[in-house]
Amino acid sequence: MTTAAFQAPKGTRDFYPPEMAVRRHIEDAWRRISIRHGFLEVDGPTFESLDLYKVKSGDEIVSQLFSFTDRGERDLALRPEFTPTLARMIAQRAAGLPRPVKWFSIPRCYRAEQPQKGRLREFIQWNVDVVGEAGPRADGEVLNLCADALFELGLTTTDFRIGWNHRELITQALLATFVSAGRLPDAFYILDRLQKLDDRGRRELYAARNCAPTEMTHYEMIHSAIAEGGRPDDSPSLQRLMAAWPQEVTAAITAFQSRLDSMGLAELCRFDISIVRGLAYYTGFVFEAADARGDNRALAGGGRYDRLIETFGGPALPAVGFGMGDVVLEILLRDHGRLKDNLLPRADIFVISTLDTPDKADRLISDLRRSQWNQDHTLIVHPGYHVQTSYRATKNIGKLLQEAAASGAAAAIILAPDEMSRGNVKVKNLFDRTETEVSITDVRQTVRSIIQMSARA
RNA sequence: GUGGAUUUAGCUCAGUUGGUUAGAGCACGGGGUUGUGAUCCUCGGGGUCGCGGGUUCGAGUCCCGUAAUCCACCCCA
C-alpha cells in the first residue's frame with residue numbers, strides 16, 4: 001500500500017459508505033418531509049454567471065465565491081446558495097406557474113471560506129420556498145416544515161429551539177419607543193449580537209455604538225425578555241416592553257405565536273427580538289433554528305423576502321423560505337445521540353452454499369432479488385429482496401454464518417448436500433437463531449415471515 | 001486573511017539522550033478445529049513516519065519552510 005499522493009481539497013469531504021449512509025439518512029428525511037408538506041423538488045446548475053450573485057449581494061461577495069472564467073470569457077461561479085437560482089427559475093416562468101409555488105431543493109453549495117466547526121467549503125443545503133403567497137400562513141408553513149424535518153430525524157423539543165421575529169413589526173416597535181430612524185441600522189446590529197455577548201461585552205457594544213442611557217436600558221430589557229423565554233405570558237420584561245408598542249404590532253405577534261401553538265409548536269418556538277438575520281433582503285418574518293443547549297451555530301435560518309423575485313428580473317412576487325445545511329445538522333444529531341452507529345443498508349437474506357456446484361445457489365439468489373409482478377404486469381406484488389452471499393471458498397458454516405450476521409440479514413438460507421438430497425434447504429432466523437428445514441419451493445414464504453417478524457422487533 | 005494545537009498502518013496509538021530491517025491493539029485477508037454466529041490456533045498483506053529542504057557519519061526524533069486537519073478570530077447569503 002502506498003501513501004496517497006493526493007488528498008481531498010481543503011474544506012471538502014469524501015463520502016465512504018458509512019458517511020454516505022449518514023448523508024442519505026439526512027437527505028431522505030428532508031425529501032420525505034418536503035413531499036409530505038406538498039413541496040416539489042427542483043434543481044439547477046451547480047454554477048451560474050457571476051453576475052447573478054452580485055445582483056443580490058454586491059461585489060464584495062466575489063471574494064467568498066469559487067469563480068472562474070470559461071473559454072468564452074464568461075465569468076462564472078460555483079453556487080454559494082440556491083436562492084438566486086430559484087429566483088431566476090421563477091422569474092423565467094412566473095407567468096405559467098400555479099401559485100403558490102412550493103418548491104424545495106437539496107443542492108451542493110460552495111463557499112471559498114476558512115473551514116471551521118460546522119462550516120466547510122462544500123456542503124449540502126436543503127432549501128424550501130413558498131413563492132406567490134404573502135402573509136403569516138405561508139410563514140408558519142415553512143417554519144413548521146423546518147421543525148418537522150428535525151422531528152423526522154429523531155430530534156425533540158429538548159434538542160433544538162426555533163426563534164422567530166418580524167423585521168417590519170420590530171422596526172415599528174423600536175421607532176415607537178426608543179430608536180430614531182437614523183439609528184435603525186445600529187439597532188439591528190446591536191440586536192443581532194445581544195444574546196451572543198456577556199454583560200461586559202454588551203456594555204462595550206453600547207459604548208462602541210454611542211448608545212444613550214435610554215437605549216441601553218431598553219436593550220437590557222430586551223436581553224432579559226429573550227432570556228426569560230420570549231413568551232408574553234411568562235416574561236415580565238417582555239410584557240413591559242410590549243405595553244409600549246403599537247397595538248397592531250402586539251396583536252400581530254400574539255396572533256402568529258398562537259398560529260404556531262396550534263400547529264403543535266408551542267414548546268419549540270419563541271419570539272426572539274434578537275433574530276434579525278443580518279441580510280438586508282429580508283422584509284418581514286425571520287426565524288432561526290438552533291441547538292437548545294446553545295452550542296453550535298445556527299441549524300437553519302430563513303424568512304420572508306418579498307422583493308427578491310423582482311430583484312432577479314421577475315414580477316413582484318412575495319416569497320418566504322429557509323435553508324438548512326447538512327454540516328451543522330450532522331454535528332447536532334451526533335451531539336444529541338440521534339444518529340445510529342450504523343446506517344449502512346442491511347441485507348434481508350444471506351445465502352450460504354456448501355454444494356460443489358454453484359448453479360442452485362445462483363438460481364435461488366437471482367430469484368429472490370427479482371421483484372414479482374401481478375398477472376397483467378402492472379403492479380409489483382412483492383418487491384425483490386436484498387440478498388447477499390459469500391465470496392469465500394471455505395465451507396466452514398460457522399464462518400459463513402458469522403459473515404451472514406455481519407451483513408445484518410434477518411435470515412440465512414443454507415444450501416448443503418444433506419438437505420439438498422431431499423430437495424430441501426435450511427432457513428435460519430438470524431435474530432432468534434432458530435432454524436427450520438423447508439422445501440426449496442417454500443423458501444420464499446418462510447423467509448418472508450422471518451423478515452416481517454424481525455421488522456416489527 | 002490572522003492566531004494556537006496537531007499530522008507515524010484503514011482506525012486508535014507507542015517509538016528512549018538522534019543509532020541496525022519502525023512496532024502494538026483493533027480492523028482486513030488466507031488456512032485450521034468432521035455442519036452453526038462465541039472463544040481459540042496459525043499465517044499474511046499493508047508505512048519512502050503529511051510533503052520539501054537543512055543540520056549530522058546517521059533524522060520518525062533536531063531546525064526552517066509548506067500543505068492539510070481541528071479549535072478560535074474576521075466574515076457569514
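Every chain is numbered from 1 and lettered A, B, ... according to where its sequence line falls, protein lines coming before strand lines. The structure displayed is predicted, hence computed values, not measured ones.
Nearest-nucleotide positions on RNA chain B place A:Phe431 closer to the 5' end than the other of A:Pro80 and A:Phe431. Residues A:Gln402 and A:Ala8 both approach RNA chain B. Their nearest nucleotides, taken by heavy-atom distance, put A:Gln402 toward the 5′ side.
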Working for salt bridge (Lys or Arg N to Asp or Glu O under 4.0 Å), residues A:Arg79 and A:Asp43
CA-CA 12 Å; A:Arg79 61 184 174 199; A:Asp43 199 357; 3.2 Å; yes
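Among A:Arg422, A:Lys426, A:Lys428, the one residue that satisfies the salt bridge (charged side-chain N to carboxylate O under 4.0 Å, His left out) test with A:Glu437 is A:Arg422.
A:Leu430 comes within contact range of at least one nucleobase, with a heavy-atom separation under 4.0 Å. Nucleic acid contact for A:Asn127: none, since no nucleic acid atom lies under 4.0 Å from a heavy atom of the residue. Contact annotation for A:Gly11: backbone-only contact, meaning every heavy-atom pair under 4.0 Å involves sugar-phosphate atoms and none involves a base.
Listed nucleotides B:C75, B:G35, B:G37 differ in distance to A:Lys428; the shortest reach to its side chain belongs to B:G37. When distances run from any side-chain atom of A:Lys426 to the nucleotides B:G35, B:G30, B:A72, the shortest one goes to B:G35. Of the candidates B:U36, B:G29, B:C75, B:C75 carries the atom nearest the A:Gln64 side chain, counting heavy atoms from C-beta on.
Taking atom CD on A:Glu113 and atom P on B:C75, their separation rounds to 12 Å, with Å as the unit. Rounded to whole Å, atom C1' of B:G30 lies 13 Å from atom CG of A:Asn396. Distance A:Lys399 NZ to B:U39 P: 12 Å, rounded to the nearest Å. B:G35 atom P lies 17 Å from atom CE of A:Met420, rounded to whole Å.
Checking A:Ser274 against A:Gln195 by side-chain atom types alone, no donor-acceptor pair falls below 3.5 Å.
In this structure, A:Phe271 and A:Trp164 have tilted ring planes: the angle between them lies in the 30° to 60° band.
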Could you write out each protein N or O paired with an N or O of nucleotides 1-8 of chain B at a distance under 3.5 Å?
from, atom 1, to, atom 2, distance (Å)
B:G1, N7, A:Gln114, NE2, 3.4

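Residues meeting the salt bridge (Lys or Arg N to Asp or Glu O under 4.0 Å) test with A:Arg203, sequence neighbours left out: none. Applying the ring-ring contact (aromatic ring centres under 6.0 Å, His included) test to A:Tyr206 and every residue at least two apart in sequence or in another chain returns A:Tyr219.
Pair assignment for B:G29 gives B:C43, based on Watson-Crick or G-U wobble hydrogen-bonding distances that are each under 3.5 Å. With a cut-off of 3.5 Å on both Watson-Crick or G-U wobble distances, the partner of B:G1 is given as B:C73. Figure legend. B:U21 is base-paired to no nucleotide; pairs are counted as Watson-Crick or G-U wobble with both atom distances under 3.5 Å. Pair assignment for B:U6: B:A68, on the basis of Watson-Crick or G-U wobble contacts that are both within less than 3.5 Å.
At least one test fails for A:Arg13 against the ring of A:Phe123: distance under 6.0 Å to the centre or angle within 45° of the axis.
Within 3.5 Å, a donor on the side chain of A:Glu419 pairs with an acceptor on the base of B:G35, or the reverse.
Side-chain N/O atoms of A:Arg119 include none lying less than 4.0 angstrom from OP1 or OP2 on B:C76.
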